[in-house]
Amino acid sequence: MVFLNSLEKRVEEDRVLNAQVSIGESQGCWYVGWQETKEDGRLVQETWFEGTGWEDMLVAFREHLIAKQSDGFNPIIEAAIVPEIKVLDSRTERLQLLTYYSELHPNDGLYEELRKWRLKQSSKEGKIPFMVATNRLLRLVSVFLPHTLEELRQLPGLGATKSAAYGQELLSLTNGHERITSFPLHWVKETINPVEFNSWLVQEKESKRKSIENKQDIKRKLLEAISRGDGLEALREQTQLQRRELLVLMEELDREGYDMEPYIEIILQNVPEEEQALAWEAFEQKGDRYLKPILQAVYHPEALEGKEVDRIYEWLRLLRMKYRHVQVQAEQAVEAG
């Protein structure tokens, strides 16, 4: 036996049902078993997995266990029920505890206000919204309601740079809300049921795994569509992603070593060469970290009237990828010479 844990499910105030989950190995063959006492006293056994694949075994273990936990079973021992989960370090534990608490006590009204603020800010800066602030950070702000910059900086995900850039605007939204909790947030851990928190961690881990698998599947479909030369709108319809999200994925694929240049050239064919040349010169003079200065160098404010600024940012992102390729090649040539 490699792993064994007991669980229970409360069915009445003074009565619980018991169960056990186990993982075993014999001559290279893994098995996962479950046994449960039903309300009529019957002992029911289930085989969740039997085979040689470690990863397949863990997938079966997670999926079945999450289903049982959703049905009301919780571990008796307050320990990680998934064997490969390690003890969280203090920083990670704090982040997870605050995130869990914020999901238990949502402030949906303020959260939506913060989302609207983020959308305006990201549009103003030409950034993807999550680069301004993640959903998790906005949720934390909406629930814990910091009223000072010092309190705001105590929330994970908001360092000195972001608090300096956005702090006062965020506080202008939170200060209008009365709060019943306080800073610092050491009290949060004491309010949380450890068993329920552990169950949430298991589900979060499974959700993250599925999200990664889904992202890899989208990347595969994206590469197939790019190889056919499909336009951005066609890519959006095929992947059901926003155009900005598509461009972020394309940048990821580029960093992973996939050759995106032929596709970049196809899209840039629709952009006037004069505008591309001005943008290229701006990259050389101002650097390639931010796109807003490049936009301002290419277009005077009055020239942007009637234009779709989001579409301009799209081709600027693609041109920046091309520019970075050239810079890398130039650096490599210098090193080789």
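Residues Gln20 and Asn5 bring no donor and acceptor atom of their side chains to less than 3.5 Å of each other. Side-chain contact of Gln269 with Glu265: a donor-acceptor pair under 3.5 Å is absent, judged by distance alone.
Judged as a salt bridge (charged side-chain N to carboxylate O under 4.0 Å, His left out), the pairs with a partner in residues 216-227 (not counting sequence neighbours) are, in order, Asp217-Arg220, Asp217-Lys221, Lys219-Glu252, Lys219-Glu256, Arg220-Glu224. For residues 132-158, the set of pairs meeting the salt bridge (charged side-chain N to carboxylate O under 4.0 Å, His left out) definition, not counting sequence neighbours, comprises Asp108-Arg139, Glu151-Arg179. The list of salt bridge (charged side-chain N to carboxylate O under 4.0 Å, His left out) pairs with a residue in residues 31-52, not counting sequence neighbours, reads Arg15-Glu39, Glu36-Lys38, Glu36-Lys68, Asp40-Arg42, Glu46-Lys68.
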Would you sort out whether Val44 and Gln35 count as a side chain to side chain contact (heavy atoms under 4.5 Å, CB included), showing the intermediate values? CA-CA 6 Å; Val44 176; Gln35 66 176 30; over 6 Å; no
Please determine whether side chain to side chain contact (heavy atoms under 4.5 Å, CB included) holds for the pair Met131 and Glu125, giving the CA-CA distance in whole Å, both sets of side-chain angles, and the decisive distance to 0.1 Å. CA-CA 10 Å; Met131 293 181 67; Glu125 297 183 29; over 6 Å; no
Please report the C-alpha distance between Gln327 and Glu331 in whole Å, then the side-chain angles of each, then the deciding distance to 0.1 Å, and finally whether the side chain to side chain donor-acceptor pair (under 3.5 Å) criterion is met. CA-CA 6 Å; Gln327 295 303 109; Glu331 290 172 3; 5.4 Å; no
Please walk me through it: do Arg311 and Glu314 pass salt bridge (charged side-chain N to carboxylate O under 4.0 Å, His left out)? CA-CA 5 Å; Arg311 296 294 181 267; Glu314 285 177 4; 3.3 Å; yes
Arg209 and Glu206: salt bridge (charged side-chain N to carboxylate O under 4.0 Å, His left out), yes or no, with the steps? CA-CA 5 Å; Arg209 182 188 66 81; Glu206 180 65 10; 2.4 Å; yes
Does Leu104 form a side chain to side chain contact (heavy atoms under 4.5 Å, CB included) with Trp200? I'd like the steps, not just the answer. CA-CA 11 Å; Leu104 289 178; Trp200 176 81; over 6 Å; no
Could you please spell out the steps behind the ring pair (Phe, Tyr, Trp, His ring centres under 6.0 Å) verdict for Trp30 and Phe49? CA-CA 7 Å; Trp30 293 97; Phe49 180 83; 8.9 Å; no
From CA spacing to verdict: side chain to side chain contact (heavy atoms under 4.5 Å, CB included), His105, Thr181: CA-CA 12 Å; His105 305 86; Thr181 59; over 6 Å; no
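Heavy atoms only, all atoms of each residue included: Ala225 and Gln238 are closest at CB-OE1, 3.4 Å. Nearest heavy atoms, Ser142 versus Asn107: O-ND2, 3.0 Å. Leu4 and Ser22 get closest at one heavy-atom pair: CD1-CB, 3.8 Å. Counting all heavy atoms, side chain and backbone alike, Ser163 lies closest to Leu149 at O-CD2, 4.0 Å. When every heavy atom of Ser182 is checked against every heavy atom of Trp187, the shortest pair comes out as O-NE1, 2.8 Å.
Taking Ser122 as the reference, Leu119, Pro129, Val132, Arg244 meet the side-chain contact (heavy atoms from CB on, under 4.5 Å) condition, with sequence neighbours excluded. Scored by the salt bridge (charged side-chain N to carboxylate O under 4.0 Å, His left out) test, Glu261 finds no partners at all (sequence neighbours excluded).
A distance below 6.0 Å separates the ring centres of Trp34 and Phe73. The ring of Trp54 has its center no closer than 6.0 angstrom to the ring center of Phe61.
In the hydrophobic cluster analysis, where Ile, Leu, Val, Met, Phe, Trp and Tyr join through side-chain heavy atoms closer than 4.5 angstrom, Leu278 is grouped together with Val326. Two different hydrophobic clusters hold Val59 and Val32 under the rule that ILVMFWY side chains link at heavy-atom gaps under 4.5 Å. A chain of hydrophobic side-chain contacts below 4.5 Å, direct or via other Ile, Leu, Val, Met, Phe, Trp or Tyr residues, connects Leu318 to Val309. Using a 4.5 Å cut-off between side-chain heavy atoms of Ile, Leu, Val, Met, Phe, Trp and Tyr, with links allowed through other members, Leu232 and Ile266 fall into different hydrophobic clusters. Cluster membership for Val248 and Ile264, using ILVMFWY side-chain heavy atoms within less than 4.5 angstrom, is not shared.
Side-chain atoms of Trp117 and Gln121, non-hydrogen and from C-beta on, do get closer than 4.5 Å to each other. Looking at heavy atoms from C-beta onward, Tyr263 lies out of side-chain contact with Leu223 at the 4.5 angstrom threshold. In this structure, the side chains of Glu93 and Lys189 come closer than 4.5 Å at one or more pairs of heavy atoms. Between Val188 and Phe144, the closest side-chain pair of non-hydrogen atoms falls below 4.5 Å. Annotation: side chain of Leu171 is not in contact with side chain of His147 (no heavy-atom distance under 4.5 Å). With contacts defined as side-chain heavy-atom distances shorter than 4.5 Å, the pair Leu145/Leu110 qualifies. Side chains of Asp254 and His325 form a contact here, defined as non-hydrogen atoms less than 4.5 Å apart. Contact annotation: the side chain of Leu201 approaches that of Gln96 to within less than 4.5 Å [non-hydrogen atoms, C-beta and beyond].
A salt bridge links Arg115 and Glu112; the closest N-O separation between the charged side-chain nitrogens and carboxylate oxygens is under 4.0 Å.
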For residues 288-307, which side-chain donor-acceptor pairs fall under 3.5 Å, sequence neighbours excluded?
| from | atom 1 | to | atom 2 | distance (Å) |
| --- | --- | --- | --- | --- |
| Asp288 | OD2 | Arg324 | NE | 3.2 |
| Lys292 | NZ | Lys124 | O | 3.4 |
| Tyr299 | OH | Glu275 | OE1 | 2.3 |

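Judged by distance alone, the side chain of Lys9 and the main-chain N or O of Asp71 form a donor-acceptor pair under 3.5 Å. Counting only distance, with no hydrogens or angles, the side chain of Ser211 and the backbone of Lys208 share no donor-acceptor pair below 3.5 Å. Checking side-chain atoms of Asn214 against main-chain N and O of Lys210 turns up no donor-acceptor pair under 3.5 Å. A donor-acceptor contact shorter than 3.5 Å is absent between the side chain of Trp48 and the backbone of Val21. Of the possible polar contacts, one joining the Thr99 side chain to the Leu95 backbone as a donor-acceptor pair under 3.5 Å is found. Put simply, the side chain of Thr174 gets close to the backbone of Pro146: a donor and an acceptor are under 3.5 Å apart. Side chain of Glu169 to backbone of Tyr166: no donor-acceptor contact under 3.5 angstrom is found. For the pair Arg118 (side chain) and Ala133 (backbone), a donor-acceptor distance under 3.5 Å is present. With Asn18 contributing its side chain and Glu8 its backbone, the two residues share no donor-acceptor pair below 3.5 Å.
For the side-chain contact (heavy atoms from CB on, under 4.5 Å) test with Leu114, the passing option among Val141, Asn135, Leu137 is Val141; the others fail.
In the displayed structure, Tyr111 atom OH is contacted under 6.0 Å by more than 12 heavy atoms of other residues, nucleotides or ligands. Counting heavy atoms of neighbouring residues, nucleotides and ligands inside a 6.0 Å radius, atom CD of Glu233 exceeds 12 of them.
Using bins of under 30°, 30° to 60° and over 60° for the plane-to-plane angle, the ring pair Tyr323/Trp280 lands in the perpendicular bin.
With rounding to the nearest 0.5 Å, the separation of CG in Leu140 from CG in Leu158 is 10.0 Å.
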